[in-house]
Amino acid sequence: MIKYDDNSEKSIVTYAKKLIGKSLQDILDLSSTTRIINLKNKGLAGLIIEKEWFGIEQNSSQLPDFDKVGIELKIIPLKKIKKGIVVKERTKICSMNYITLPDESWEESHAKEKLNKILFVYYFPNSSDILKSKILKIDLWKLSKESGELVLKDNWNFIRNKVIAGYAHKLSGRDTDSLEASPSGTKKQVPQFNTIYSNTAQKRAFSLKQPFTNQRWKELNHVKYESIIETLDITNFDSFEQAVLEKINSLQGKSIFKLSELFDVKIGQSKSRVASVMKKIIGFKSVRSKIKEFEQLGIEIKMINVRKKDYRPMEAISFPAMKLQEFIMEEWEESIFLSMISKILFIPIYKEHTDVKDLDELYLGNVFFWTPSNNEINIIREEWLNYQQEVQDGKCKVTRIPWNTKKGYKEVSCLSKESQTQIIHIRPHGRDSDDRDEDGLGNSIVKQSFWLNTKFMQQLIIKNL
DNA sequence: GCATGATCATGC
DNA sequence: GCATGATCATGC
């Protein structure tokens with residue numbers, strides 16, 4: 001009955017790899033289990049793989065799943081989106097104890113112990129028949145500077161410091177980038193450390209955020225990454241954002257043409273030519289390369305053309321077009337839009353007038369990172385929910401107004417306009433007027449997307465001067 | 001000069 | 001051919 005040698009990392013991995021291509025049903029068939037399977041169990045895949053494949057019984061102890069070699073087992077559900085298959089959700093690492101956390105150091109922390117070596121089992125859930133879900137990939141991941149320890153450690157310290165300060169009740173998943181304090185155990189309150197502000201706090205767990213795990217998943221699927229930590233010689237993640245900013249902002253005021261010379265970037269005529277120069281400066285080896293840290297942290301980079309005299313952006317900032325019918329089904333907390341704005345590196349490019357195109361007359365502005373504040377998030381959530389309501393209420397229905405366009409008319413919906421919101425709005429974003437979407441109520445409308453309002457961006461740029 | 005719906009242009 | 005970032009262009 002011995003299927004693998006639990007003293008050997010290699011043997012465990014070899015045995016794990018036999019899972020690839022198997023469905024949960026296949027595993028059950030091979031295990032001849034007499035256990036009663038509850039198909040409604042949320043962690044069913046985990047249970048089947050853990051118990052029926054590896055023979056690990058539920059251990060309430062804090063020991064790793066394969067304790068002799070210190071390997072933790074994590075079952076990762078995937079999901080399909082437009083661009084392909086991605087990691088579905090955050091990955092819980094261990095629960096938090098607010099009373100003992102302050103006594104821990106990163107090196108000896110419970111979290112690090114669980115993160116040291118993880119055997120990731122990636123599977124694709126089959127929604128119509130959960131037992132048909134298949135395992136796609138196996139990965140033995142080890143914590144190291146190269147794999148992301150600097151950021152995890154930094155995040156862990158941030159959370160610990162907040163707990164020490166007595167602010168456990170103010171913890172939020174948005175506090176950190178990669179390792180987050182995620183709510184666990186449905187609103188359960190537990191005692192907290194240094195109870196001068198509140199005696200209790202919501203029970204939480206340390207979890208890896210989706211972008212972090214997803215970056216690893218993509219790497220496994222042969223997406224090539226470069227590390228900016230090496231390029232910028234970063235040793236302490238605390239300073240990651242700072243290092244990036246320092247690197248760029250020392251060049252503020254220089255023309256894009258000058259920068260392209262300084263950094264020896266060949267530039268063409270493409271619209272993205274300014275972005276190419278900037279990426280090279282930040283440390284991207286080539287324009288199309290992906291930086292590991294940016295993906296792990298879920299950082300988006302956005303260029304923004306700005307009128308120099310009053311810092312007014314030439315345009316609002318767009319995001320990819322959405323599918324209205326998917327949008328109205330989304331939960332705010334899990335929404336695509338929220339994930340796209342969690343952290344953005346804005347690179348303002350100053351110009352005197354709208355019509356300036358010459359690279360000699362475009363100047364690098366004040367670069368900054370933006371993570372929405374609590375206040376901003378509240379407004380954005382409200383506006384987002386309001387748009388969801390508007391779409392559900394059929395406000396995508398359009399009326400044609402005679403206009404001097406190709407078709408001789410323009411189509412106007414009843415959705416709130418940019419001038420009626422504070423931070424975000426919805427607006428057409430198709431190739432042309434024939435690039436359409438349906439709202440599920442029988443209305444056809446040009447594809448829409450979210451945009452960050454011009455005025456809001458102007459305020460943000462000024463605030464970050 | 002702004003607001004907003006329309007559309008371009010590159011790159012995959 | 002499509003998605004996306006970027007920008008146009010009308011009319012007030």
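Everything numeric here is computed off the predicted structure, so don't read it as measured data. Lettering of chains follows the sequences in order, A, B, ..., and the numbering in each one begins at 1.
- At least one test fails for A:K134 against the ring of A:Y122: distance under 6.0 Å to the centre or angle within 45° of the axis.
- Between atom CD of residue A:E376 and atom CD1 of residue A:I424 there is a gap of 12.0 Å, rounded to the nearest 0.5 Å.
- Comparing A:E411 and A:K455 against DNA chain B, the residue whose closest nucleotide sits nearer the 5' end is A:K455.
- Judged by closest nucleotide on DNA chain B, A:R427 is the one of A:R427 and A:K406 placed further toward the 5' end.
- Rounded to an integer number of Å, the gap from NZ of A:K351 to P of C:dA6 is 11 Å.
- Results of the side chain to side chain contact (heavy atoms under 4.5 Å, CB included) test with A:R216 over A:V87, A:D139, A:L208 single out A:D139 as the only residue that passes.
- Atom CG of residue A:N116 and atom CH2 of residue A:W141 lie 8.5 Å apart, to the nearest 0.5 angstrom.
- The interatomic distance linking A:I445 (CD1) with B:dG5 (P) rounds to 9 Å, in whole Å.
- The interatomic distance linking A:K407 (NZ) with B:dA6 (P) rounds to 9 Å, in whole Å.
- Ring geometry for A:F337 versus A:W332: interplanar angle of 30 to 60°, hence tilted.
- Separation of atoms NZ (A:K254) and CD (A:E261) is listed at 12.0 Å; rounding is to 0.5 Å.
- Scanning residues 299-308 of chain A for heavy-atom distances under 4.0 Å to DNA chain C yields A:M303, A:N305.
- Summarising the geometry, the separation between CZ on A:R436 and C1' on B:dT7 is reported as 14 Å, rounded to the nearest angstrom.
- Under the 4.0 Å criterion applied to side-chain N and carboxylate O atoms, A:D26 and A:K18 are not assigned as salt-bridge partners.
- A salt bridge does not link A:R90 with A:E333: every distance from a Lys NZ or Arg NE/NH1/NH2 to an Asp or Glu carboxylate oxygen is 4.0 Å or more.
- If you measure from atom NZ of A:K410 to atom C1' of B:dG5, you get 6 Å, rounded to the nearest angstrom.
- A salt bridge links A:R427 with A:E418; the closest basic N to acidic carboxylate O contact falls under 4.0 Å.
- Using a 4.5 Å cut-off on side-chain heavy atoms (C-beta onward), A:I85 and A:W217 make contact.
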Using a cutoff of under 3.5 Å, can you pull out all pairs of nitrogen or oxygen atoms linking the protein to nucleotides 1-4 of chain C, with atom names and distances?
unit_1, atom_1, unit_2, atom_2, d
C:dA3, OP2, A:K447, NZ, 2.8

Expected rows: protein N/O vs nucleotides 9-12 of chain C N/O, under 3.5 Å:
none

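- A:K80 and A:F124 make their closest contact through N-CE1, 3.8 Å (heavy atoms, listed as atom of the first residue, atom of the second, distance).
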